[in-house]
Amino acid sequence: MSVTDVVFILTAVVTVGSAVVVVVSRSLIYSVFSLLFTFFGVAVLYVFLGADFLAGAQVLIYVGGILVLLLFGVMLTHRLYNLNLTTERFQPIAGTLIAAAVFVSISLAAFKTKWKLVGDRELEPTTQQIGEAFLSSYLLPFEIASVLLLVALIGAAMLVRRRTDV
Amino acid sequence: MEYLREVLTRQVGGYDQLPEVLQIFLPMLLACLLCLGLVALIPLIAIWAERKVSAHMQDRLGPMRVGGWHGWAQTIADGVKLLLKEDIIPAQADRLLFKLAPLVVFAGGFAAFVVLPFGESFIVSDLNIGVLYIAAISSLGVVGIIMAGWASNNKYALFGGMRAAAQIVSYEIPTVLAILTVVIPVGSLSMQEIVKAQSGSVFNWFIFQPVTFLAFWIVFLGTLAEVNRTPFDIPEAESELVAGYHTEYSGMRFAFFFLAEYANMFLVSALATTLFLGGWHGPGFLPGPVWFILKAMALVFVQMWLRWTLPRLRVDQLMHVSWKVLLPIAFVLVLAAGTLALI
Amino acid sequence: MQVEAYAGEEMVLNMGPQHPSTHGVLRLELETDGEIVRNVIPHIGYLHRCFEKHAEKVDYPGVIPFCDRMDYIASMNNSLGYALAVEKLMDLEVNERVKTLRVLMAELNRIASHLLSVGTYAMDIGSFTPFLHCFREREKILDLFEWLCGARLLYNYNWVGGVSHDIPDGFEAKTREFLGQFEPVIAELDKLLSYNKIFLERTANVGIISEEQALSHNVTGPNLRGSGIAWDLRREEPYCGYDTYDFEVPVGLGEYGPLGSCWDRYYVRVREMEQSLGLIRQALDRLPEGDVQEHIPRRVRPAKNEVYDRTETPRGELGYYVVSDGGLIPFRVKVKSPCFTVLSLLPAIARGGMVADIIAIIGSIDIVMGEIDR
Amino acid sequence: MKRYFKDIFQSIWTVLQGMKITGNHLFTRSCTLQYPSVKWELPERSRMRLFNKIEDCIGCGQCVRACPVDCIYMTTEKRAKQEPPLFAADGTPIKLRVTQFDIDMSLCCYCNLCTYPCPTHCLVMTPEYEFAVQSKQDFLYRFAKEEPQAPPKPAPTPRPAAAR
Amino acid sequence: MIELKYYLLISAALFSLGVFGVLTRRNAVNVLMGVELILNSANLNLVAFSRYSSSGIDGQMFAVFVIVVAAAEVAVALAIVLTLYRVLNTVNLDRADVLKR
Amino acid sequence: MKQASEILQTLQEQFADKIIKSSQECIQPFAVVPPGAVAEICAFLKNDPGMAFDTLMCLSGVDYKGSKKEPERLEVVYHLFSMRHRHKIVLKVELPREDPALPTVEGVWAVANWHEREAYDMYGIHFDGHSDLRRILCPDDWVDYPLRKDYVQPESYRGMPAAAAKQFAQRAQEGEDLGTDPFSAG
Amino acid sequence: MNLGNLDSLTFFYPELILLGGILLVVISDIALKGLRNRVNPLLTLAALLLALFCTLQTDHGSAMTLFEGMLALDNFALFFKVFLLVAGILVLLGSLHSEELASVHRGEFHALLLAVTLGMLLMANSAHLVMLYLSLELVSLTSYIMVGYLRSDRLSNEASMKYILFGAVSTGAMLYGFSLLYGMTGSLDLFAIRDALLAQEVVGFNQVTLLLVVVLTTAGFGFKTAAVPFHFWCPDVYTGAPTPVTAFLSVAPKAAGFAILVRFFLSGLSQPAGEQWRFISGVDWPLVLIVVSVLTMTLGNIAALTQNNLKRMLAYSSIAHAGYILMGAVLLTGSGLKAMLVYLFVYLFMNLGAFFVVTVIFNSEKTFELQDYNGMFRRSPFLAIAMSIFLLSLIGIPPFAGFLGKLYIFGAVIDQGLYWFAVVGALNAAVAAFYYMRIMKHMILENDDRPPTPLRISTLNRALLILLLVPNIVLIVFWAPIDRWTANSITLFGGL
């Protein structure tokens with residue numbers, strides 16, 4: 001087992017383990033904070049996969065943006081100074097069964113399917129490629145994504161505004 | 001790191017006979033230690049400087065006793081004191097998160113040092129997404145701050161934590177946009193590439209070019225806000241929130257926050273130096289790393305200067321500055337930089 | 001206003017009694033909604049030292065050290081009010097030198113008090129340097145006082161019928177020297193703080209006290225003048241011969257926002273320091289000869305009577321209601337404290353602002369808890 | 001729109017002005033006094049520690065009456081006729097023996113009211129200001145030289161009200 | 001060299017955990033966290049396939065867009081959660097039951 | 001500007017039966033009014049354009065127990081001032097020491113709110129109709145009214161000693177070995 | 001023909017106009033404080049009309065892909081573009097005099113309406129998984145906000161929250177399906193995916209994986225079309241949302257969802273073979289969809305039976321209609337596709353009409369309860385008759401347009417020999433008739449004791465109602481143009 005393998009296994013354990021905490025923990029706050037480790041783990045996996053830009057974007061947006069938003073959501077929707085931010089659970093057995101079924105089927109698929117495989121590629125920085133793709137073949141999605149962000153901005157701003165007039 | 005490895009291979013006999021694991025890990029470990037040393041040393045100097053600068057601006061002398069000349073050892077003494085102090089955890093606090101928070105905050109600042117180009121070959125790792133990496137890793141601090149604020153189970157701390165998070169998140173946007181004005185002409189996110197693009201005469205530095213000159217100030221202000229310095233220090237505004245998110249911290253954990261704050265000050269100054277002030281370039285009579293640290297320290301000094309001059313803003317004004325002043329200007333600058341790049 | 005956007009979770013925040021910016025041991029119960037303050041409930045009394053009860057136990061001169069300790073920032077003015085009240089009760093007239101010395105000290109003390117108020121206000125708003133610059137100047141005044149009467153803060157200087165010490169040799173020159181170097185400091189303060197954009201933004205729009213509110217709450221002193229009412233007891237009900245001096249009564253003009261804002265109150269104080277400088281110069285210029293202790297009665301024993309007398313201290317009208325029973329000790333001494341009345345207005349002007357505004361307002365009304373709690 | 005730019009300009013301008021001032025102060029002389037290596041020079045009228053020159057004290061009790069916080073405690077006894085006459089420094093005859101003259105400095109409010117009525121000027125406030133002690137009870141300054149004989153039962157505390 | 005299937009395994013775990021979270025949690029914010037797990041698992045798949053199954057970077061591009069959309073979605077979702085909280089004072093999905101008559 | 005005598009005159013005319021006593025001999029002339037009428041009279045004094053007493057300078061309680069020259073009673077004293085006309089007047093209300101009560105003037109001058117709370121705190125005077133009559137300087141659960149002349153300081157408050165501890169000097173007098181002679185030692 | 005970015009712009013005018021409209025509305029909402037309430041609707045209407053005009057002007061000729069293969073421009077897409085723009089215009093007009101929206105500021109509403117229309121246009125011609133996902137999310141995100149538009153209203157908020165949570169989960173699942181598909185084919189382009197699937201024999205476990213992909217992606221599309229079992233959100237959201245938004249959701253995103261479903265399954269997972277399509281061997285996805293279809297219409301109709309809230313009843317009925325429409329989509333024939341388009345077209349008018357009557361009645365009555373509709377005939381005969389016509393049309397009673405839709409659908413099903421499928425559909429129609437009739441009974445036959453006060457209807461609303469009534473009545477006569485248009489519109493890029 002090489003060093004890379006060890007690091008990979010560690011990352012995988014941290015990622016999945018913290019994801020388990022996310023969905024199992026009764027404390028909302030612990031869920032959110034362990035989500036941090038999941039996001040980081042996924043970012044490290046991206047690095048393993050040679051997607052360095054994506055790893056950066058993952059940390060920047062998921063940790064810096066989404067996680068903070070979630071934290072705000074948790075804190076603003078509870079008595080702020082109440083430590084017992086617990087959440088009730090619902091149908092744990094059915095949920096476990098379904099999730100297990102999903103896991104089994106997908107992992108079976110992962111192992112048994114003959115995925116399309118291309119030959120081993122050299123890991124190379126992707127930032128430039130991504131930038132070029134944005135301005136060539138992915139120009140339209142790029143623009144549509146910006147429209148989507150605009151709409152989200154307008155909508156979110158409208159929803160949280162309290163007064164009816166501007 | 002490659003450089004370090006090279007040096008090790010060259011200087012240390014039998015290095016290449018070591019197992020592969022060690023060959024990889026030793027330079028890593030060494031680099032980490034160097035970084036850690038820097039992260040510990042620079043704040044020590046910065047804290048002492050802050051005390052002296054503030055004192056002289058206020059017609060005082062500041063600490064004069066410990067260590068002889070102008071109390072140079074005062075910070076060390078304080079550090080020792082903090083380390084020896086009783087570690088108090090409030091009874092109602094969330095112990096795990098309370099202990100974790102300073103580490104997360106510190107790790108955020110520490111990890112970013114990895115990509116700082118102190119010199120042509122003095123860089124731990126020249127990531128080709130260096131700038132993005134710094135922007136990303138610094139958001140770790142936000143999470144740590146909220147964690148600290150929440151875990152303390154103190155309303156002031158929580159208030160401070162929430163304020164800090166809101167502030168950092170909203171100032172990150174104009175900052176990153178303004179950084180883009182440098183990235184566009186350089187065409188790379190790598191810190192070394194950006195520094196190399198400013199080689200040659202002093203006027204190749206980005207601060208001496210019209211668009212990036214303005215961008216420099218946006219980056220400066222934005223990062224000033226991100227490290228919670230006056231006039232953007234509302235998260236720890238002592239007249240409102242006592243001490244903000246680290247109200248309940250004492251001893252070593254407090255020292256971590258303190259170190260992280262000053263390390264971050266240096267970090268953002270170093271970032272601005274890299275992006276706009278030509279990094280380690282400078283007249284030849286001094287080596288590159290010295291120039292780099294001098295420039296960054298000069299920016300740190302300006303931060304202190306501002307702090308001891310200005311009052312602090314209110315929350316809504318703070319947001320106003322970010323969203324209605326810096327952001328539009330940053331947008332215009334990015335457009336301008338893009339246009340220039342096209343031409 | 002877009003302040004509504006900062007609303008969030010409702011909670012009760014307990015500010016004080018130990019808090020960096022409540023100026024002493026004031027406790028505020030804030031009902032906040034995110035950053036917005038929905039209600040403020042002040043709790044006072046943490047510094048209650050039974051001044052009025054003490055005053056009924058000691059003789060008339062013995063009350064003066066306690067008066068000093070009420071508003072410990074402006075002791076000269078506090079004891080002056082009491083001395084004047086008792087003199088009125090005894091129908092005692094002091095000589096001109098005493099009057100002039102009293103004006104001199106009262107005005108020096110006014111500058112010292114305003115320096116502290118302005119300096120701590122700068123610190124409340126987050127600016128540390130002006131605070132220490134103000135303190136540097138204030139120390140010089142305190143040096144003068146120490147030279148004069150041996151104490152830096154609690155002087156016991158104004159006595160019934162006179163003052164405790166005549167000025168030492170060289171005091172006049174030293175004071176003039178101070179005045180000369182102090183004038184540019186005010187200009188520097190203006191540049192460093194008063195007209196700073198951030199400071200203006202923080203203060204010029206918040207904590208508006210309207211004229212009606214001011215009158216109904218008996219707001220006095222610089223706070224009243226900040227609301228644009230040119231009312232100064234030194235001019236309207238002159239004592240110690242203030243009517244013979246030439247000075248202006250600065251009022252708030254609402255230059256940078258609505259009239260009666262925190263900035264107006266702050267700026268009235270800065271302008272008052274300038275006026276005090278002029279008053280001190282005039283007092284030094286005239287300083288008549290005389291024995292400062294010639295009218296001090298051996299035994300202070302006023303006839304049965306009562307008087308309510310008020311003077312203009314740096315914080316506003318300080319009223320003493322002294323009831324004499326004909327004995328050696330006062331039957332009742334009641335103090336109407338200017339800070340007390342203005343603090344009662346705090347909930348009304350703080351409601352709806354943000355947490356940071358509370359700080360700005362408390363700093364701007366310049367309260368001293370020693371005087372409120374007595 | 002105009003206001004927007006004016007505001008930005010004003011902010012920058014006033015900030016620069018402030019920075020100029022603080023920058024200048026960086027090079028002005030500091031007003032710090034390096035206590036304790038440099039000591040504060042106190043004027044002669046300084047009212048710090050109380051001192052009673054017990055040799056001159058005639059035990060008149062005026063200071064006790066004047067003190068608003070009752071921090072001076074004095075008990076006296078008549079000197080016997082046969083004892084040799086004593087005089088204070090200014091010539092006032094001392095007719096009473098001061099058996100106890102205690103000043104509780106932890107209570108003293110430094111108002112100086114006790115020193116004025118003193119007929120022999122034996123009670124004075126000195127410019128001595130460094131008198132910190134380890135225990136609060138050490139602030140009880142006992143000036144009477146002779147040990148007071150413990151009376152059979154506690155003597156009533158002299159209070160100003162009772163004195164009149 | 002780590003094989004593709006291990007990444008897929010991690011992704012499968014994340015996906016099913018996300019589904020589990022969505023199914024068992026009754027707090028809106030918690031459900032959102034489950035959704036984030038699902039999106040992350042899909043992204044991991046995309047990036048892994050981008051590395052092993054395609055010659056271009058299409059998968060990474062897709063992942064970038066997913067990240068952006070996820071951010072927008074969370075922003076809107078939290079805005080709605082906040083608005084609902086103001087009206088209801090709860091974010092518990094079971095208590096938002098006026099619609100279930 | 002009106003002389004106090006004129007004001008007293010007007011008051012006499014307006015509220016003939018309600019002015020118990022008025023005095024012009026003392027330094028500041030005053031009128032004594034019955035407790036029931038004080039709010040009414042104050043409202044008149046504030047709103048009448050000729051009077052326009054727009055500020056309440058001071059509201060004090062006085063306890064006349066133990067006075068050699070005055071009968072035993074509680075008194076509430078209102079010092080009024082008119083910013084517009086620059087004249088002043090003093091109103092007094094005499095109250096029994098047992099169960100003193102009178103209507104509030106909070107509605108006339110807002111500042112009366114806190115002044116009345118203080119009078120309540122210190123003298124136990126009840127102001128009927130007051131919006132928030134709580135103790136203001138003392139803790140809410142303090143017993144008795146401190147400024148009454150017959151007030152006895154409690155031994156302890158919530159387990160904390162409230163009366164001053166025995167003074168060092170007294171203890172020394174009782175033979176305890178305390179204190180120093182710092183001057184002779186040094 | 002594949003066009004590059006710049007060349008594509010010529011065919012992109014409608015979308016560009018809508019984009020410009022969004023920006024103009026946002027700017028005018030900020031800049032024109034006094035006038036904005038008048039200007040914004042006009043701006044929106046102008047943008048929509050202009051976009052419609054440009055769409056009609058677009059060349060009907062050869063199919064092509066735009067923007068480096070991101071979009072497919074073909075007659076199928078054009079049909080949906082026209083359809084969606086018409087729906088947008090009608091909903092805009094219907095929302096103008098809605099009392100529900102009167103209490104809130106509407107600047108954003110118009111911008112959102114334009115944005116959602118833009119998203120749907122893109123949905124109709126996405127030919128790339130990234131575009132598929134993005135346009136779907138654009139529509140979803142905008143609809144979440146529109147559903148929660150009444151911020152202070154508890155129902156609206158609840159609906160919005162349910163909508164966004166279900167939506168996020170189902171699109172997440174869809175995304176996972178996409179990622180698996182990407183892994184199997186190494187491409188994100190629909191046509192490339194098909195080619196890759198054809199190139200490699202889908203055998204062994206790959207069949208299961210493909211089934212997994214179908215199930216997961218159906219979750220995403222099913223969510224948009226409110227097909228069982230992804231319909232949970234539908235009744236709640238339709239009840240909670242402002243009625244004009246409900247009307248919009250019940251028609252436009254549903255149609256766009258069908259467009260995207262058809263394009264994904266036909267272009268991506270099956271192979272054109274003359275008139276008939278052939279699905280790629282391996283997984284029988286049409287069977288999956290048939291089951292979904294049967295479940296959808298049955299469940300929708302049965303649940304609608306017991307409802308007393310009109311909005312909720314119409315919500316269930318629209319689920320049922322989704323089932324009918326799906327019948328056409330899964331046949332893999334040209335005629336099935338055509339039947340689906342015809343059904344959608346008439347559904348637009350009858351369903352919008354029914355919702356619009358509900359809006360008008362709510363304006364004065366403030367209620368959605370069935371009992372409160374008692375005696376409506378006496379109070380406003382016009383409304384009652386109009387409603388009856390819409391309902392009869394929804395049932396599929398001959399003189400009205402709804403009959404045309406049902407005719408085509410059942411015809412196409414029987415053509416394929418799926419008799420049992422047709423029988424299920426017919427039975428469902430009979431069940432549906434029951435509850436539609438119930439509404440009519442309440443409106444016309446039942447009276448309560450109150451004196452009949454006439455209902456006031458604004459002129460605009462009356463005109464709009466008539467506008468909606470006309471197609472319902474005349475289409476049955478002038479069915480030929482519709483037939484021609486839809487027949488023309490079933491040409492998909494890369495197929496038939």
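Residue numbers begin at 1 in each chain, while the letters A, B, ... track the order of the sequences.
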Identify which of [options] forms the greatest number of heavy-atom pairs closer than 4.5 Å to chain E.
| options | value |
| --- | --- |
| Ser160(G), Ala173(G), Gly167(G) | Ser160(G) |
| Asp189(G), Val130(G), Leu134(G) | Val130(G) |
| Gly186(G), Ser187(G), Ser140(G), Gly148(G) | Gly186(G) |

Item to check | Ring centers of Tyr133(G), Phe62(E) separated by less than 6.0 Å | outcome: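 Yes - the distance between ring centres of Tyr133(G) and Phe62(E) falls below the 6.0 Å cut-off.
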Of all heavy-atom pairs between [X] and [Y], which one has the smallest distance, and what is that distance?
| X | Y | value |
| --- | --- | --- |
| Ile80(E) | Asn157(G) | CG2-O, 4.1 Å |
| Met161(G) | Val81(E) | SD-CG2, 4.1 Å |
| Ala42(E) | Ser179(G) | O-CB, 3.8 Å |
| Leu141(G) | Ala72(E) | CD2-CB, 3.9 Å |

Say you draw a straight line from [atom1] of [X] to [atom2] of [Y]; how long is it, rounded to the nearest 0.5 Å?
| X | Y | atom1 | atom2 | answer |
| --- | --- | --- | --- | --- |
| Leu32(E) | Ile164(G) | CG | CD1 | 7.0 Å |
| Leu180(G) | Ser11(E) | CG | OG | 7.5 Å |
| Phe15(E) | Leu216(G) | CZ | CG | 5.5 Å |
| Tyr176(G) | Leu46(E) | OH | CG | 10.0 Å |
| Glu137(G) | Phe65(E) | CD | CZ | 13.5 Å |

Item to check | Donor-acceptor contact below 3.5 Å, side chain Tyr182(G) vs main chain Gly59(E) | outcome: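 Yes, the answer is positive, given that a donor and an acceptor are paired below the 3.5 Å cut-off.
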Checklist entry - Would you say Tyr144(G) and Glu73(E) make side-chain contact, with heavy atoms under 4.5 Å? => result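 A side-chain contact exists here, since the closest heavy-atom pair is under 4.5 Å.
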Next on the checklist: Less than 4.5 Å apart, side chain to side chain, heavy atoms only: is that true for Val22(E) and Phe166(G)?
Outcome noted: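 A side-chain contact is absent here, since even the closest heavy-atom pair is not under 4.5 Å.
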Would you mind telling me which of [options] has the largest number of heavy-atom pairs within less than 4.5 Å of chain G?
| options | value |
| --- | --- |
| Ile38(E), Val69(E), Leu4(E) | Val69(E) |
| Leu44(E), Val35(E), Leu8(E) | Val35(E) |
| Ala70(E), Gly34(E), Ser41(E) | Ser41(E) |

Checklist entry - With Phe178(G), which residues qualify under ring-ring contact (aromatic ring centres under 6.0 Å, His included), at least two apart? => result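 Partners of Phe178(G) by the ring-ring contact (aromatic ring centres under 6.0 Å, His included) criterion, ordered by chain and then number, come out as Phe264(G).
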Against chain G, label [X] side chain, backbone, both or neither, depending on which of its atoms sit under 4.5 Å from a heavy atom there.
| X | value |
| --- | --- |
| Val76(E) | both |
| Ala75(E) | neither |
| Val66(E) | both |

Checklist entry - Which bit of Leu138(G) is near chain E, if near means a heavy-atom gap under 4.5 Å: side chain, backbone, both or neither? => result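 Interface part for Leu138(G): neither.
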Next on the checklist: Report which part of Thr171(G) has an atom under 4.5 Å of a heavy atom belonging to chain E: side chain, backbone, both, or neither.
Outcome noted: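 Just its side chain gets close to chain E.
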